[in-house]
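Here the structure is laid out as structure tokens; the discussion comes afterwards.
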Protein chains: 2
Amino acid sequence: MTLNQLRYFCELADAGNFGRAAERLHMTQPPLSRQIAGLETELGTKLFERGPKGVTLTAAGRQLLIDAREVLRLAALAQRNVVAARRGETGQLSLGFTMCAAYSVVPALTRRYKVAFPNVEFRVREMMPVVLERALREGEIDLGISFPGLDGPDTMSRPLLREPMSVVLPFNHKLSRVRRLKVRTLSTESFLIVPRDQAPSLHDGVVQRCQSAGFTPKIGLEVYLQQTIVNLVAAGLGVAFVPGSMQKAQVKGAVFKTVDNPPMVDQLLVWQSMNTNPCIQGFLSVCAELT
Amino acid sequence: MTLNQLRYFCELADAGNFGRAAERLHMTQPPLSRQIAGLETELGTKLFERGPKGVTLTAAGRQLLIDAREVLRLAALAQRNVVAARRGETGQLSLGFTMCAAYSVVPALTRRYKVAFPNVEFRVREMMPVVLERALREGEIDLGISFPGLDGPDTMSRPLLREPMSVVLPFNHKLSRVRRLKVRTLSTESFLIVPRDQAPSLHDGVVQRCQSAGFTPKIGLEVYLQQTIVNLVAAGLGVAFVPGSMQKAQVKGAVFKTVDNPPMVDQLLVWQSMNTNPCIQGFLSVCAELT
DNA sequence: TCATGGGCATACCGAAAAGGTATCATAATT
DNA sequence: AATTATGATACCTTTTCGGTATGCCCATGA
């Protein structure tokens, strides 16, 4: 049984006689006769009653007409779906991001992408930066949003957001009420900072800003997540530079201060160059729209 | 796009490399390569990533795998359905019957048939005998249950039931209380009877029984339906012979009496010999079981 | 570094299938 | 009885399909 035979069969059932059906199918009558006869032989059943003024369906033919139409409909749908999948309009896309990004770019991006590509099964996962790197390498996720630093040879990236860092102080800190905080006044403070191997750009940005203010920051504690840094600052364990958008975390007891020439932090969208998932292009177009 | 290509595609997706897939498909690798390449060309999309240790699906391929499996599943189902339809296990079957038959054979037959052929869409219609004949001729119904008499050249029939006729009298009739009614005692009564052209066998049976009792019945009223005859007898318009099963009609004021050598009435299943609906055979087998 | 082997693509060939033309058989219609 | 419409059959040509032989690529290992 072939799809062509089913097409011929449906057309013949519609037309009611071989001649007109063949015409509609852009072929001549004899091959059509043979195809239908072949189909009948294969199925072991007469599908049409041949009368002097055309053909009519038998009971088996009526049943097949229902099923054949469904098969043909699905076959056509399959073709359309493949095209859609190639364009990234359907399929699956998974995004991993650090909790820090969750406060800045992720919400808007996710919302916009889901509107633009409603038929893509879009999954998002918060993950620690190191986990994100591994997940990306092993193909668990198609896209990652994180700080610069995991640019391997096979990864591509695109900047999503460049935002200033703010100083965060405990609520009861002596500097928490000054109007314009100078970095220099923090020279004796104990700093909470992300380990350099976790996010070199972030770490170096903070250290360099302090050095340009004339001191090397005293590292009180190395902490992996910006979110946790803010929490620990609120608990009185020191001060820190964190991305400005962390203010949205609404941590009680933490006070945010802007400074002159703040260190800048980048959020990068990264993916593997050999990942061919067409949905990635769609996501990139949404990113381009939004920046 | 052909069903074979979809089969090849699914098998390749399962096997993970051309060699094994070709083996499973009982063919060699090169034709399989060409078929897949052809499918990819037609769809305008790479479906597999060719790696040194086999193939993996692309995003478009993953989508197609879902759809292709569904298409193949339905195609196989269509084949099975055709076979079922040929055997009369699925399809449509419509039965027309006279109201008189509704009291005797129809209930049991319908019940049994629906159990034996649950996937057949079985429709039943009560109809007047003349309408039944026309409906049968024009193919509105596949089967009819009626009295003998509409045996045309193209119709086939099979006896379903042969039952004795009873005399029905008004409740207040002077003979309604005798223990054993003799036909002879009805010689002066006015008879309600079906017109001869509507059911010759029925009509003739009654007349002949009366004549063998020594009189020709006086036709008081010609009535089409046995049901109506009983009702009119109850209303005091005369007496009548009706099929014994009419007693089930529970008409108030009508009294049924059995007689010696009662006229017999046949219920026939009739259908057109050129009607090829395979469900008819199924119905016949149910009838055979029940008689 | 070069040989090796697994894996897919390509070239070419013969067989099978599909479509086209011409013609026939049948039944309804004029 | 001739005609017309319809499907089937015979025969031919083209296309498609599957098979064999072989080439290319890349990873692996001596």
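Just so we're on the same page: letters track the sequence lines, and every chain starts at 1.
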Nearest-neighbour nucleotide for the [X] side chain, [options] considered:
| X | options | value |
| --- | --- | --- |
| V55(A) | dA10(D), dG7(D), dG18(D) | dG7(D) |
| P52(B) | dA27(D), dC8(C), dA28(C) | dA27(D) |
| P30(B) | dG18(D), dT20(D), dG7(D) | dT20(D) |
| N17(A) | dA18(C), dT6(D), dG20(C) | dT6(D) |
| T28(A) | dG20(C), dA8(D), dT10(C) | dG20(C) |

Check your understanding: Is R69(B) salt-bridged to D14(B), going by a charged N under 4.0 Å from an acidic O?
Key ->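 Yes.
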Review point. Got a salt bridge between R7(A) and E11(A), using NZ or NE/NH1/NH2 to carboxylate O under 4.0 Å?
Key: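 No, no charged N to carboxylate O under 4.0 Å.
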Review point. Is there a donor N/O on one and an acceptor N/O on the other, under 3.5 Å, for the side chain of Q29(A) and the base of dA8(D)?
Key: yes
Exercise for review: Would you state whether a donor and an acceptor, one from the side chain of R34(A) and one from the base of dG20(C), lie under 3.5 Å apart?
Suggested key: yes
Would you mind reading off the distance between [X] atom [atom1] and [N] atom [atom2], rounded to a whole angstrom?
| X | N | atom1 | atom2 | answer |
| --- | --- | --- | --- | --- |
| Q5(A) | dT16(D) | CD | C1' | 15 Å |
| L12(B) | dA9(C) | CG | P | 9 Å |
| L47(A) | dG7(D) | CG | P | 15 Å |
| L32(A) | dA8(D) | CG | P | 9 Å |
| I36(B) | dG7(C) | CD1 | P | 17 Å |
| Q35(A) | dG7(D) | CD | P | 16 Å |
| R7(A) | dG19(C) | CZ | C1' | 16 Å |
| M27(A) | dA17(C) | CE | P | 16 Å |

Review point. Contact class for Y8(A) (heavy atom, under 4.0 Å): base, sugar-phosphate, or nothing?
Key: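 Answer is sugar-phosphate: Y8(A) comes under 4.0 Å of backbone atoms only.
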Check your understanding: Are I141(A) and L95(A) close enough, and set up right, to give a side chain to side chain contact (heavy atoms under 4.5 Å, CB included), and what steps lead you there?
Key -> CA-CA 6 Å; I141(A) 55 176; L95(A) 168 73; over 6 Å; no
Check your understanding: Which atom names give the shortest non-hydrogen contact between A59(A) and A85(B), and what distance separates them?
Key -> O-CB, 4.3 Å
Review point. How do N4(A) and G54(B) order along DNA chain C: which one's closest nucleotide is nearer the 5' end?
Key: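 Of the two residues, G54(B) wins.
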Check your understanding: In terms of the nearest nucleotide of DNA chain C, which residue is placed more toward the 5' end: K53(A) or P31(A)?
Key ->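 Closer to the 5' end of DNA chain C: P31(A).
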**Study point:** Validation row, ring centre F283(A) to ring centre F117(A) under 6.0 Å
**Key:** no
